[in-house]
Structure formats: C-alpha cells, structure tokens
Amino acid sequence: MPVIKHNPEGVFPPYRSYSHAVEVKGDSSLLIISGLNGYLADGQTMPDSFEEQGEIIWQYIGTILKSAGMGYENVVSIRTYLADPSYDEVNVQLRMKYMGDNKPASTVICCQLLEPKWKLEVEAMAAK
C-alpha cells in the first residue's frame, strides 16, 4: 500500500523529523494527523489565547484534510491534549464548531505540554 506524506502549504513547517500527516492508501484511505499546535504559518509565532491557538489548529486540520481529498466529515478520531482542565469548555465548543454533526471517537487528556506557551495540541485520524 502506498504511504503519502502531507505537509501542505499554509501549515507551519514540520520540524525535527516528522510529517504533519501520513496517509495510507488502498481500497480506502486512512489519514493520520500528527499533533498540531497553534503556531502561525511561520512556525515561530503563536498567539497567547487558548481560543486563537485552537482556531489555528482546527484550520490546519482542515488544510491537511483537504490535501488528502477529505473534509471534517471524514474525521473518525480526535485526541486533544489540554495544558489545563479549565480549557475544556472552549475546547468542546471548538470541536462542535468544526465537526458539526460528525461525532468521532474522542479523547481529552490534561497534561504538561512540550512548550509552556502551548495551550493545547490536537491529533486526528480520518478515513474515506
């Protein structure tokens, strides 16, 4: 089965030996999206607020889905890492905004993220 790496323009450049997403193609396609954070497209700048970081991440997910010929309706699993449990309600609102009627499997974990300025990180899987 072919494996396709997705690092589309409009998403910050991947750093330190990974791809933003990897697609496994066969009779169907499975897209595995790496954990994304709220860096702007320059890969250096990040807004301070949870809401802004979340919007950027969900827009990146949309860009990556589109690069694989998919949309938010194809998402089958979401894993979200929150830097603080107080962000949960805003996180739920963002997920509902972007996922619409799609209700994929979802896990939310509260933990210390790699960089103190990160408020959340989101990874996803999509299939078609």
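What you are looking at is a predicted structure, and each value in this text was computed from that prediction instead of being measured.
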Just how far is it from atom [atom1] of [X] to atom [atom2] of [Y], taken to the nearest 0.5 Å?
{"X": "L30", "Y": "M70", "atom1": "CG", "atom2": "CE", "value": "7.5 Å"}
{"X": "T63", "Y": "I56", "atom1": "OG1", "atom2": "CD1", "value": "11.5 Å"}
{"X": "E23", "Y": "L65", "atom1": "CD", "atom2": "CG", "value": "10.0 Å"}
{"X": "N91", "Y": "M96", "atom1": "CG", "atom2": "CE", "value": "11.5 Å"}
{"X": "K97", "Y": "E55", "atom1": "NZ", "atom2": "CD", "value": "3.5 Å"}
{"X": "L40", "Y": "Q53", "atom1": "CG", "atom2": "CD", "value": "9.5 Å"}

(message) A side-chain contact here means heavy atoms from C-beta on lying under 4.5 Å apart; do I33 and E123 qualify?
(response) no
(message) If you count heavy atoms of other groups shown closer than 6.0 angstrom to CG of D101, is the number above 12?
(response) no
(request) Determine whether Y18 and Y39 fall in the same hydrophobic cluster, where Ile, Leu, Val, Met, Phe, Trp and Tyr are linked whenever their side-chain heavy atoms lie under 4.5 Å apart. (result) yes
(request) Is it possible for you to say whether M46 and V122 belong to one hydrophobic cluster, with membership spreading through side-chain heavy-atom contacts below 4.5 Å? (result) yes
Of the non-hydrogen atoms in [X] and [Y], which two are nearest, and what is the gap between them?
{"X": "H6", "Y": "S67", "answer": "ND1-OG, 2.8 Å"}
{"X": "E51", "Y": "L94", "answer": "O-CD1, 4.4 Å"}
{"X": "S77", "Y": "P104", "answer": "N-CB, 3.7 Å"}
{"X": "L36", "Y": "I57", "answer": "O-CD1, 3.4 Å"}
{"X": "W58", "Y": "Y72", "answer": "O-OH, 2.6 Å"}

(message) Centroid separation under 6.0 Å, is that true for the rings of Y60 and H20?
(response) no
(message) My understanding is that only one of V75, N74, V76 makes a side chain to side chain contact (heavy atoms under 4.5 Å, CB included) with N102; could you say which?
(response) V75
Only distances under 3.5 Å count here; give the side-chain donor-acceptor pairs of residues 106-120 to other protein atoms, sequence neighbours excluded, each with its distance to 0.1 Å.
{"from": "K119", "atom 1": "NZ", "to": "D48", "atom 2": "O", "distance (Å)": "3.2"}

